[in-house]
S.K.: 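Questions regarding the structure given below will be posed in turn.
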Amino acid sequence: MTGEVSEIALSKQDLREVTAFAAACAEVVLEVFESDQPDDSRPRDALGAAWEFARGGERGKALRDTAWAALRAANSTDTAAAREAARAAMSAAGAAYLHPLAKAVQVKHILGAGAHAARAAELVADDDRSVGVKHLEQTTHRATPVVVAVLKRFPTAPSGGGRVGELIRKLDTDLRSLTLAE
């Protein structure tokens with residue numbers, strides 16, 4: 001049947017590994033948001049919830065709510081770098097909701113936090129794109145063999161998405177080229 005989307009096998013441990021990777025990616029730029037909005041804990045709360053799930057907690061309403069709250073925090077700041085840092089935190093909490101559908105858009109759940117963090121780093125450096133590329137190199141080193149294996153089960157990252165989309169596609173290409181032992 002045309003238009004059917006196949007399912008991809010994802011265990012809870014796969015989701016935990018992807019979420020831990022995303023949280024580690026977002027954590028490195030959290031201070032960008034917090035220096036801009038020191039009284040707003042929503043991105044930090046989203047990261048805390050992501051880490052809690054990654055370390056064995058349940059995937060429930062609180063995790064989803066903190067992700068949405070981090071997105072609202074992103075929309076409430078005036079600086080682009082702080083916005084991207086909050087979106088990285090939102091993406092980290094959202095990584096736990098990676099769907100087992102063979103659709104390219106799902107790759108954003110895996111790589112979104114890393115791409116938003118790289119974009120935040122670029123913006124802090126006066127939009128220096130080489131900073132984002134270096135940031136992605138560090139992000140690639142954070143990926144575990146499980147994260148790479150999960151990523152490779154999905155189609156490649158979709159087109160579009162502006163600079164963050166470009167960073168997602170670069171990170172996607174870089175991680176798929178790795179050959180890591182499980």
Side-chain angles (χ1 to χ4, degrees), residues 15-99 105-143 147 157-158 160-172:
L15 294 173
R16 291 185 196 291
E17 289 258 356
V18 167
T19 302
F21 167 71
C25 291
E27 206 166 53
V28 299
V29 295
L30 182 60
E31 69 184 45
V32 173
F33 178 84
E34 291 181 334
S35 66
D36 186 73
Q37 301 290 318
D39 297 325
D40 191 340
S41 68
R42 293 176 291 182
R44 180 171 290 281
D45 295 343
L47 280 177
W51 279 118
E52 184 177 326
F53 171 72
R55 293 178 178 136
E58 288 306 311
R59 189 175 74 161
K61 183 178 182 327
L63 181 60
R64 189 179 303 268
D65 288 350
T66 62
W68 285 117
L71 180 59
R72 286 190 301 278
N75 294 334
S76 71
T77 185
D78 293 328
T79 67
R83 239 184 328 276
E84 292 300 333
R87 286 178 181 149
M90 178 272 302
S91 294
Y97 293 95
L98 173 65
H99 299 291
V105 71
Q106 291 303 314
V107 171
K108 293 178 184 179
H109 280 294
I110 303 168
L111 306 179
H116 283 290
R119 183 64 181 140
E122 287 178 345
L123 291 166
V124 166
D126 294 323
D127 206 10
D128 183 345
R129 301 230 170 163
S130 70
V131 170
V133 170
K134 287 178 188 166
H135 193 89
L136 290 184
E137 289 170 8
Q138 295 167 346
T139 300
T140 300
H141 294 296
R142 284 186 194 94
V147 170
R163 179 62 179 152
V164 171
E166 291 173 17
L167 292 165
I168 286 173
R169 287 186 294 282
K170 168 114 178 73
L171 185 54
D172 185 40

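Positions are given from 1, in the same order as the sequence printed here.
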S.K.: Looking at CZ of R83 and CG of D78, how far apart are the two atoms once the value is rounded to the nearest 0.5 Å?
M.R.: 7.5 Å
S.K.: Distance from L167 atom CG to E122 atom CD, nearest 0.5 Å?
M.R.: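 It is 5.0 Å, given to the nearest 0.5 Å.
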S.K.: Within a strict 4.5 Å, meaning less than it, do heavy atoms of the V133 and K170 side chains meet?
M.R.: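 When only atoms from C-beta onward are counted, K170 and V133 do touch, with a gap below 4.5 Å.
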S.K.: Mind checking the CG-CD spacing from L30 to E27? Nearest 0.5 Å is all I need.
M.R.: 7.5 Å
S.K.: Using a 3.5 Å distance criterion without hydrogens, assess whether the side chain of D36 forms a donor-acceptor pair with backbone atoms of A82.
M.R.: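 Here the side-chain-to-backbone pair does not exist.
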S.K.: Which heavy atom in A86 sits nearest to a heavy atom in A70, and how many Å separate them?
M.R.: CB-O, 3.8 Å
S.K.: Using a 6.0 Å cut-off, check whether atom CG of N75 has over 12 heavy atoms from anything other than its own residue.
M.R.: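 Check passes, neighbour count above 12.
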S.K.: Side chain of D128, backbone of S130: donor and acceptor closer than 3.5 Å?
M.R.: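 Yes.
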S.K.: So do the side chains of R163 and L123 get within less than 4.5 Å of each other, counting heavy atoms only?
M.R.: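 No. Closest side-chain heavy atoms not under 4.5 Å.
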S.K.: Keeping R55 on the side-chain end and R16 on the backbone end, is there a donor-acceptor pair under 3.5 Å?
M.R.: no
S.K.: Taking all non-hydrogen atoms of both residues into account, name the closest pair between L98 and R59 and its distance.
M.R.: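 Heavy atoms of L98 and R59 come nearest at O-NH1, 4.4 Å.
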S.K.: Supply the atom-to-atom distance R42 CZ to S76 OG, rounded to the nearest 0.5 angstrom.
M.R.: 4.5 Å
S.K.: If I take atom CZ from residue R142 and atom CD from residue Q138, how far apart are they, to the nearest 0.5 angstrom?
M.R.: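 Reported to 0.5 Å precision, the distance equals 6.0 Å.
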S.K.: Could you work out, with side-chain contact (heavy atoms from CB on, under 4.5 Å) as the rule, every residue matching D65, not counting sequence neighbours?
M.R.: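 Once residues adjacent in sequence are excluded, the partners of D65 under the side-chain contact (heavy atoms from CB on, under 4.5 Å) criterion are K61.
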S.K.: Which heavy atom of V107 sits nearest to which heavy atom of A157, and what is that distance?
M.R.: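 For V107 versus A157, the nearest heavy atoms are CG1-CB, 3.9 Å.
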S.K.: Run the side-chain contact (heavy atoms from CB on, under 4.5 Å) test against E31 and tell me which residues pass, sequence neighbours left out.
M.R.: none
S.K.: Hey, is the main chain of G94 close enough, under 3.5 Å, to the side chain of H109 for a donor-acceptor pair?
M.R.: yes
S.K.: For A26, what residues pass the side-chain contact (heavy atoms from CB on, under 4.5 Å) criterion, not counting sequence neighbours?
M.R.: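 Applying side-chain contact (heavy atoms from CB on, under 4.5 Å) to A26 gives L47, A88, A92, A113.
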S.K.: So which atom in A121 and which in H135 form the shortest heavy-atom distance, rounded to 0.1 Å?
M.R.: CB-ND1, 3.9 Å
S.K.: Over all heavy atoms of both residues, which pair between K108 and P158 is shortest? Give the atoms and the distance, please.
M.R.: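 Nearest pair, atom of K108 first, then P158: CE-CG, 3.8 Å.
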S.K.: ring-ring contact (aromatic ring centres under 6.0 Å, His included): which pairs involve residues 29-65, sequence neighbours left out?
M.R.: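 Qualifying pairs, neighbours excluded: none.
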S.K.: My understanding is that only residues two or more places apart in sequence, or in another chain, count here; which of them pass salt bridge (Lys or Arg N to Asp or Glu O under 4.0 Å) with R44?
M.R.: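 Listed in chain order: E34.
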S.K.: Kindly give the heavy-atom pair with the smallest separation between G112 and I168, and that separation in Å.
M.R.: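 Between these two residues, the closest heavy atoms are CA-CD1, 4.3 Å.
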S.K.: Which residue pairs pass the side chain to side chain donor-acceptor pair (under 3.5 Å) test when at least one of the two sits in residues 86-99, sequence neighbours left out?
M.R.: E84-R87
S.K.: Without swapping roles, check the side chain of R119 against the backbone of A115 for a donor-acceptor pair under 3.5 Å.
M.R.: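 Side chain of R119 to backbone of A115: no pair is present.
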S.K.: Roughly how far, to the nearest 0.5 Å, is CD1 of I110 from OG1 of T19?
M.R.: 10.0 Å
S.K.: What I want to find out is whether R129 reaches E166 closely enough, with some N-O distance under 4.0 Å, to be called a salt bridge.
M.R.: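 Salt bridge: yes.
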